[in-house]
Amino acid sequence: PLSIRQRSQPSRWIDCGLEHFFTQPGGVRTSREEQHMSDKPWGGRFKERTSGAVEAYTESISFDGELYAQDIAGSQAHAAMLGRQGVITSEEAKQLVAGLDQVRAEIEAGTFPWRQELEDVHMNIETRLTEIVGDVGKKLHTGRSRNDQVCLDFRLYVSDSLRRWMLLARKLCGVYIEQARAHADVLLPGCTHMQPAQPVSLAHHLLAYAWMFRRDVERMGDCEKRVRISPLGAAALAGTTYPLDPSFVAGELGMYGTFSNSMDAVADRDFALEALFCGTVTMMHLSRFCEELIWWANPQFGFVTLSDAHSTGSSIMPQKKNPDVAEIMRGKTGRAYGNLINLLTTLKGIPLTYNRDLQEDKIPFLDTNKTVRDSLALMADMLGATSFNAARMRRALSAGFLNATELADYLAMRGMPFREAHHITGRAVAMAEEQGVGLEELSLEALRSLSPLISEDVYAVLNYDTAVRRRNMPGGTGPDSVRAQMEALERWLSVPLAWEV
Ligand code: ARG
């Protein structure tokens, strides 16, 4: 029988980007002369043809052509279901499925005759199908409306996008872990307020990002469960009188379930919003790391050297090596925020059910999809190719009294109330600052002049490596804790995602 699931491999769908095609001049034909208004699938009740300006203003083919693979898979599942249910004959269903295969082949070969006057991807494909298979093509839309069709296509597209993001975010987590493993003994100043605070291990710092992207993957996975629900069968808004089998369609397309309310099914765009939010959070995480890379690449920090492949030069200053990739990624994050607000705003005034405003939903999502996808992939590359300068990080530890907390804790452990210990340590810092030295370089006499509780063993406590090594509580920066984190993250990465298997 008809094996649609085979044809609907998510990774393939997303790979067949049509951006290049639609941006080619002449990629979309606009020759209205070739078409009569009666050629429009909805042209029956119209006497005058649509004005060219209106066609150009209302079309969506220039962006929803991106959803062609989902549209075809959805239509094939629908046709197969119509055949099984006896709404059309099984011979007719086979013809429709085969014709749609040919349409897909034409699109992927770049020979498909896209027509702006046919408005959107759905009518372009259906019209071409009818040219290929003849009148039986006109049966495809039985029991279906573009209102439920477009939701199905978009839900599949969003869910495929989420899956792609999840794979890429997991790959990036893997690179953070690799870099953490390679720099297990490297220390650097951990900051709060962008001021030196306490020494931490570089591995711990990098793993903080691995945990963020792991949460992102989990968030996307939760979201995907709500996205991959089939609305097909809701028809225009009220359901239909045909004996359809929505569950069969959902099963064929690898979806988790079907709609519960036909009006909600065609009006709901929460799924796209939620996915946009997931993508936006990921961009925000990437942007925070970009910000760190940009600081760290500055020679005054000198903590990292970005690879030449991920840097650019200046047209006037010959010495420059700029972190442009990180800057552009930080910049694109703003655009992703805009896309989320864009759709939220589009949705806020829309009464039940489908309103044409909803056609605007794809533009922000397509843009965020590309941004998230490309940014995750590029960051994995860039991070893998970044070298970390352990000596510069080590040198930076000596500025900023990163061991002050150690001294305060030392005094508190000897019975001094912590507030007082904090105060005495502050005086030690002032003293060291005056002498232009670190706390560990103050003489024992000087330290004892502040408190008789201090003895020779204080110097071991003031040691930076010791300060890190002692923080082995779960989630701390100590080496045992960091190793446990890496193991936990690696265990998570070794278990494939539910839909991968
Ligand atoms: N191009 C439309 C969209 O993307 C398809 C749905 C049109 N439905 C309608 N009732 N006009 O939303």
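Index from 1, following the sequence. When a ligand or atom number is given, it counts from 1 through the structure's own listing order.
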Distance-only donor-acceptor pairs under 3.5 Å for side chains of residues 207-217, two or more places apart:
{"from": "Tyr209", "atom 1": "OH", "to": "Glu292", "atom 2": "OE2", "distance (Å)": "2.5"}
{"from": "Trp211", "atom 1": "NE1", "to": "Gln485", "atom 2": "OE1", "distance (Å)": "3.0"}
{"from": "Arg214", "atom 1": "NE", "to": "Glu218", "atom 2": "OE2", "distance (Å)": "3.1"}
{"from": "Asp216", "atom 1": "OD1", "to": "Arg219", "atom 2": "NH1", "distance (Å)": "2.8"}
{"from": "Asp216", "atom 1": "OD1", "to": "His285", "atom 2": "ND1", "distance (Å)": "3.2"}
{"from": "Asp216", "atom 1": "OD2", "to": "Thr282", "atom 2": "OG1", "distance (Å)": "3.0"}
{"from": "Asp216", "atom 1": "OD2", "to": "His285", "atom 2": "ND1", "distance (Å)": "2.9"}

Distance dump, ligand 1 polar atoms to protein, N/O, under 3.5 Å:
{"from": "ligand 1", "atom 1": "1 (N)", "to": "Ser60", "atom 2": "OG", "distance (Å)": "3.2"}
{"from": "ligand 1", "atom 1": "1 (N)", "to": "Asp120", "atom 2": "OD2", "distance (Å)": "3.0"}
{"from": "ligand 1", "atom 1": "1 (N)", "to": "Gln359", "atom 2": "OE1", "distance (Å)": "3.0"}
{"from": "ligand 1", "atom 1": "4 (O)", "to": "Lys362", "atom 2": "NZ", "distance (Å)": "3.0"}
{"from": "ligand 1", "atom 1": "8 (N)", "to": "Asn147", "atom 2": "OD1", "distance (Å)": "3.0"}
{"from": "ligand 1", "atom 1": "10 (N)", "to": "Asn147", "atom 2": "OD1", "distance (Å)": "3.0"}
{"from": "ligand 1", "atom 1": "12 (O)", "to": "Tyr354", "atom 2": "OH", "distance (Å)": "2.5"}

**Message:** Is the shortest side-chain heavy-atom distance between Met255 and Leu156 below 4.5 Å?
**Reply:** yes
**Complete:** So salt bridge (Lys or Arg N to Asp or Glu O under 4.0 Å) across residues 266-289, not counting sequence neighbours, yields Arg155-Asp268, Arg226-Glu274, Arg269-Asp361
**Request:** Look at atom NZ of Lys138 and say whether more than 12 heavy atoms of other residues, nucleotides or ligands are closer to it than 6.0 Å.
**Result:** no
**Request:** Could you tell me which residues satisfy salt bridge (Lys or Arg N to Asp or Glu O under 4.0 Å) with Arg146, sequence neighbours excluded, listed by chain and number?
**Result:** Glu119, Asp120
**Request:** Indicate yes or no: does Asp160 engage Arg163 in a salt bridge with an N to O separation below 4.0 Å.
**Result:** no
